[in-house]
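Inspection log for the structure reproduced underneath, given as structure tokens.
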Amino acid sequence: MTSTDAHPEKARSRTRLSRWGSRVRVPFALVVVAALLFAGSRLDLLPGFGDLFGEEIKDRTGPTLLESIQDLDRYEAASGNFQVVVDLEKDAKYLPDAIRGTRTLYVGAGTVSSYVDFGGIGEKSVQVNEERTAATIRLPHARLGEPAMDPERSYSVSKERGLVDRLGDLFSDNPADEHAVNKLAARHIGDAAKDSELTARAEKNTTGMLQGLLRSLGFTEVRVVYA
């Protein structure tokens, strides 16, 4: 009788353990890979591991193409700098925030310009007396341009994500979220520009520019009317 026959229960136990071990090899490997992906961005906090997953940046951008040129018949008379703190939260119905949901705190900075359109000025828009000493100019009211976001002064303060969203970030940078929060910041900045005195300042500066120009040409009385 061999030693295996003498202990049949031990032999069967070793066989089951061997089979079970072969089954858990693949899941265990997946766990290790997931752990590396999840913690790879934080290995630089440990001494000696900073260069293990170091990034090398290569700019492979192609040449910039000029699509069109437009002549602007307007006078940029004023510009305002704005900053807003956006608190954007997205929740899923019937699921707690710890499972599904995001909350982003974002500082958006940008500028809004105010201009007076000179494109519609015609002969009837300018009236001059016979002595050419007085002039009246009729212009449209100042308008606001689209908010121009400044990427150098805009940044995310914090971003809270649920478990499902964290797993999704492992395979995608999710640029749609960044675009959404930046677009929301631009909308708030545009609304703030409407409530500001930016257009009034633009009309005042335009009036001063035209008065200085025409007075240098010999006019003693210059009147600018906005309608």
Side-chain angles (χ1 to χ4, degrees), residues 59-90 104-158 175-227:
D59 188 359
R60 303 185 185 276
T61 306
T64 303
L65 301 178
L66 176 62
E67 294 185 347
S68 63
I69 297 178
Q70 295 178 344
D71 295 329
L72 300 179
D73 296 327
R74 65 187 191 183
Y75 176 64
E76 300 281 347
S79 179
N81 295 317
F82 297 86
Q83 187 180 77
V84 61
V85 179
V86 177
D87 189 350
L88 180 61
E89 184 175 1
K90 294 182 179 180
T104 304
L105 196 63
Y106 181 81
V107 175
T111 59
V112 178
S113 62
S114 183
Y115 64 92
V116 176
D117 189 4
F118 287 172
I121 297 179
E123 295 181 358
K124 296 182 179 180
S125 301
V126 181
Q127 297 178 354
V128 180
N129 64 350
E130 294 181 359
E131 292 79 12
R132 298 188 62 82
T133 57
T136 300
I137 304 175
R138 300 184 182 277
L139 298 174
H141 283 289
R143 300 177 182 178
L144 294 175
E146 294 295 330
M149 301 303 295
D150 186 355
E152 297 294 333
R153 298 189 295 125
S154 302
Y155 56 92
S156 294
V157 178
S158 64
D177 282 354
E178 295 296 332
H179 177 72
V181 74
N182 190 70
K183 186 177 181 179
L184 184 59
R187 191 184 74 185
H188 284 294
I189 288 178
D191 293 340
K194 294 177 183 178
D195 296 333
S196 69
E197 58 177 14
L198 201 54
T199 54
R201 178 69 65 86
E203 293 180 0
K204 179 180 178 181
N205 293 341
T206 303
T207 299
M209 182 272 295
L210 292 174
Q211 288 178 341
L213 176 62
L214 294 181
R215 284 171 181 169
S216 66
L217 298 176
F219 290 87
T220 57
E221 182 181 348
V222 180
R223 182 168 171 258
V224 181
V225 180
Y226 296 91

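Keep in mind that what you see is a predicted model, and the values were worked out from it rather than measured.
Around the CD atom of Glu131, the shell of radius 6.0 Å holds more than 12 heavy atoms that belong to other residues, nucleotides or ligands. For Arg223, the CZ atom counts as loosely surrounded, since its 6.0 Å shell holds 12 or fewer non-hydrogen atoms of other residues, nucleotides or ligands. Around the CZ atom of Arg153, the shell of radius 6.0 Å holds more than 12 heavy atoms that belong to other residues, nucleotides or ligands.
A 4.5 Å side-chain heavy-atom check between Leu139 and Val225 finds every atom pair outside the cut-off. Annotation: side chain of Thr199 is not in contact with side chain of Arg143 (no heavy-atom distance under 4.5 Å).
Distance check: Ile137 CD1 to Thr207 OG1 gives 9.0 Å after rounding to the nearest 0.5 Å. How far NE2 of His188 is from CD of Gln83: 14.0 Å, rounded to the nearest 0.5 Å. Taking OG from Ser114 and CG from Asn205, the interatomic distance works out to 9.0 Å, rounded to the nearest 0.5 Å. To the nearest 0.5 Å, the span separating CD on Glu203 from CG on Leu198 amounts to 11.0 Å. In this structure, the separation between CZ on Phe219 and OG1 on Thr136 is 10.5 Å, given to the nearest 0.5 Å. Going from atom NE2 of His141 over to atom CG of Asp117 covers 13.5 Å, rounded to the nearest 0.5 Å.
For the pair Ala185 and Met149, the tightest heavy-atom approach, listed with the atom from each and the gap, is CB-CE, 4.0 Å. Across all non-hydrogen atoms, the minimal contact from Ala202 to Ala77 is O-CB, 3.2 Å. Closest approach of Ser196 to Phe82, counting heavy atoms only: OG-CZ, 4.2 Å.
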- Message: Using the rule given for salt bridge (charged side-chain N to carboxylate O under 4.0 Å, His left out), can you reason through Arg74 versus Glu76, listing the C-alpha separation, both sets of side-chain angles and the distance that settles it, and then say yes or no?
- Response: CA-CA 6 Å; Arg74 65 187 191 183; Glu76 300 281 347; 3.2 Å; yes
Query raised in the report: Please walk me through it: do Tyr115 and Thr206 pass side-chain hydrogen bond (donor to acceptor under 3.5 Å, both in side chains)?
Result: CA-CA 9 Å; Tyr115 64 92; Thr206 303; over 6 Å; no
* To do: Before giving the answer on side-chain hydrogen bond (donor to acceptor under 3.5 Å, both in side chains), spell out for Thr133 and Asn129 the whole-Å C-alpha distance, their side-chain angles and the decisive distance to 0.1 Å.
  => CA-CA 7 Å; Thr133 57; Asn129 64 350; 3.0 Å; yes
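With Asp87 as reference, Leu105 is the one residue of Val181, Leu105, Thr104 to meet the side-chain contact (heavy atoms from CB on, under 4.5 Å) rule. Of the residues listed (Val112, Asn81, Thr111, Leu184), the one engaging Ile189 in a side-chain contact (heavy atoms from CB on, under 4.5 Å) is Val112, and it is the only one.
Inspection of the Tyr106 and Asn182 side chains reveals an N or O donor paired with an N or O acceptor under 3.5 Å.
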